[in-house]
Participant: 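The structure that follows is given in the form of structure tokens.
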Amino acid sequence: DGIGDLLVKLNCGVLPGSDDSESSNTDMSGVQLGALTNACVEYAHAVLKANCPEHSSDIPSSSFDQKDGSIYQRFSSIHGANSVPRPKPFGDGIRLCCEEMNLHPSQVIYVGDAPTDARAAVDAQCRAAIGVLWGSNDEDCLKKEEGFKVLCGNVDELERSIAQYL
């Protein structure tokens with residue numbers, strides 16, 4: 001579903017609508033990142049590592065210094081369909097990520113690009129689910145999903161939407 005790809009690009013500032021010359025207005029300090037995909041977990045790791053290779057490392061996240069800016073290391077939990085009890089649209093993967101991150105789903109803002117993302121976020125009882133329109137589905141498809149609180153067409157919209165819940 002590309003959520004790992006989405007989050008890495010968001011952090012690297014290379015998604016549609018982003019501008020590398022401008023710094024983010026949203027304070028992301030203290031925000032934990034997790035990735036869940038309906039692809040295999042190995043693919044999730046590969047996508048996360050490949051999108052910001054200059055910031056990638058195989059060092060476990062427990063030894064990551066939050067100040068070094070490493071994108072891959074910012075992910076506290078990474079899962080795929082083959083590493084969770086049931087894949088999306090079930091919320092099992094989100095709950096597993098939350099458990100590993102010491103969070104309750106009600107503390108989680110879930111960002112996704114597929115109907116299964118919205119359904120999984122509802123099933124897991126996430127605080128919010130935000131849909132993005134530059135992924136695998138278009139607006140007509142995603143607006144049918146009641147689970148998405150908002151749909152975002154670019155990174156600026158996503159940043160503002162996330163900021164509403166921080």
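All values below come from the heavy atoms of this structure, side chains included, with hydrogens, waters and symmetry mates left out.
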Participant: So V111 and L158, do their side chains get closer than 4.5 Å, heavy atoms only?
Facilitator: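 Side-chain contact under 4.5 Å: yes.
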Participant: List the atom of H104, the atom of C98, and the distance in Å for their closest heavy-atom pair.
Facilitator: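 Scanning both residues, the minimum pair turns out to be C-SG, 4.3 Å.
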Participant: Under a single-linkage definition using a 4.5 Å side-chain heavy-atom cutoff for Ile, Leu, Val, Met, Phe, Trp and Tyr, are I94 and F90 assigned to the same hydrophobic cluster?
Facilitator: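 Hydrophobic grouping puts I94 apart from F90.
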Participant: What heavy-atom pair brings A35 and L48 nearest, and what distance separates the two atoms?
Facilitator: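 Closest approach of A35 to L48, heavy atoms only: CB-CD1, 4.2 Å.
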Participant: Group every Ile, Leu, Val, Met, Phe, Trp and Tyr by side-chain heavy-atom contacts under 4.5 Å, then state whether L36 and L96 land in the same group.
Facilitator: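 Same cluster.
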Participant: Are D123 and K88 ion-paired here, with the side-chain N under 4.0 Å from a carboxylate O?
Facilitator: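 Not counted as a salt bridge, because no side-chain N and carboxylate O are separated by less than 4.0 Å.
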Participant: Applying the 4.5 Å side-chain criterion to the ILVMFWY set and letting contacts propagate, would V31 and I130 be lumped into a single cluster?
Facilitator: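 Both belong to a single hydrophobic cluster.
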Participant: So which atom in G147 and which in A129 form the shortest heavy-atom distance, rounded to 0.1 Å?
Facilitator: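 Distance-wise, the nearest heavy atoms are O-CB, 3.4 Å.
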Participant: Looking at side-chain heavy atoms only, is the closest gap between H45 and F75 below 4.5 Å?
Facilitator: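 A side-chain contact under 4.5 Å is absent here.
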Participant: Any side-chain to backbone donor/acceptor pair from R127 onto Y165? Under 3.5 Å, distance only.
Facilitator: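 Indeed, once roles are kept as given, a pair shorter than 3.5 Å links the two residues.
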Participant: If you take all heavy atoms of N38 and P87, which pair is closest and at what distance?
Facilitator: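 For N38 and P87, the tightest heavy-atom pair comes out as OD1-CB, 3.3 Å.
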Participant: Same cluster for W134 and I162 if Ile/Leu/Val/Met/Phe/Trp/Tyr side chains link at under 4.5 Å?
Facilitator: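 Same cluster.
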Participant: For D113 and G135, which heavy atoms make the closest approach, and how far apart are they?
Facilitator: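 In this case the closest contact between D113 and G135 is OD2-CA, 3.3 Å.
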Participant: Out of curiosity, does L151 fall in the hydrophobic cluster containing V132 (side-chain heavy atoms, cut-off under 4.5 Å, transitive links)?
Facilitator: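 Shared cluster, no.
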Participant: Without swapping roles, check the side chain of E159 against the backbone of V155 for a donor-acceptor pair under 3.5 Å.
Facilitator: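 No, the answer is negative, given that no donor and acceptor are paired below the 3.5 Å cut-off.
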Participant: Report yes or no: does D117 contribute a side-chain atom to a donor-acceptor pair with the main-chain N or O of G112 at less than 3.5 Å?
Facilitator: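 No, the answer is negative, given that no donor and acceptor are paired below the 3.5 Å cut-off.
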Participant: State the CD-CG distance between Q73 and L33, to the nearest 0.5 angstrom.
Facilitator: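 Q73 atom CD to L33 atom CG measures 12.0 Å (nearest 0.5 Å).
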Participant: Looking at every non-hydrogen atom in both residues, tell me the closest pair between V150 and S161 and how far apart they are.
Facilitator: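 Smallest interatomic distance, heavy atoms only, reads CG1-OG, 3.6 Å.
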Participant: Regarding H79 and E100, do their side chains bring together a donor and an acceptor under 3.5 Å, going by distance alone?
Facilitator: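 There is such a pair (donor and acceptor under 3.5 Å, judged by atom type) between the side chains of H79 and E100.
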Participant: If you count every heavy atom of other residues, nucleotides or ligands that lies below 6.0 Å from Q125 atom CD, does the total exceed 12?
Facilitator: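 For Q125, atom CD is not crowded (no more than 12 foreign heavy atoms under 6.0 Å).
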Participant: Would you confirm whether D92, through its side chain, and V84, through its main-chain N or O, come within 3.5 Å as a donor-acceptor pair?
Facilitator: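 Absent.
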Participant: Is the backbone of S76 close enough, under 3.5 Å, to the side chain of Q32 for a donor and an acceptor to pair up by distance?
Facilitator: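 No.
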Participant: Can you tell if the side chain of L142 reaches within under 4.5 Å of the side chain of P115, non-hydrogen atoms only?
Facilitator: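 Side chain of L142 against side chain of P115, heavy atoms only: contact under 4.5 Å found.
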Participant: State, without any angle test, whether E42 and N82 hold a side-chain donor-acceptor pair at a distance under 3.5 Å.
Facilitator: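 Yes, because at least one side-chain N or O of E42 sits under 3.5 Å from a partner of the opposite role on N82.
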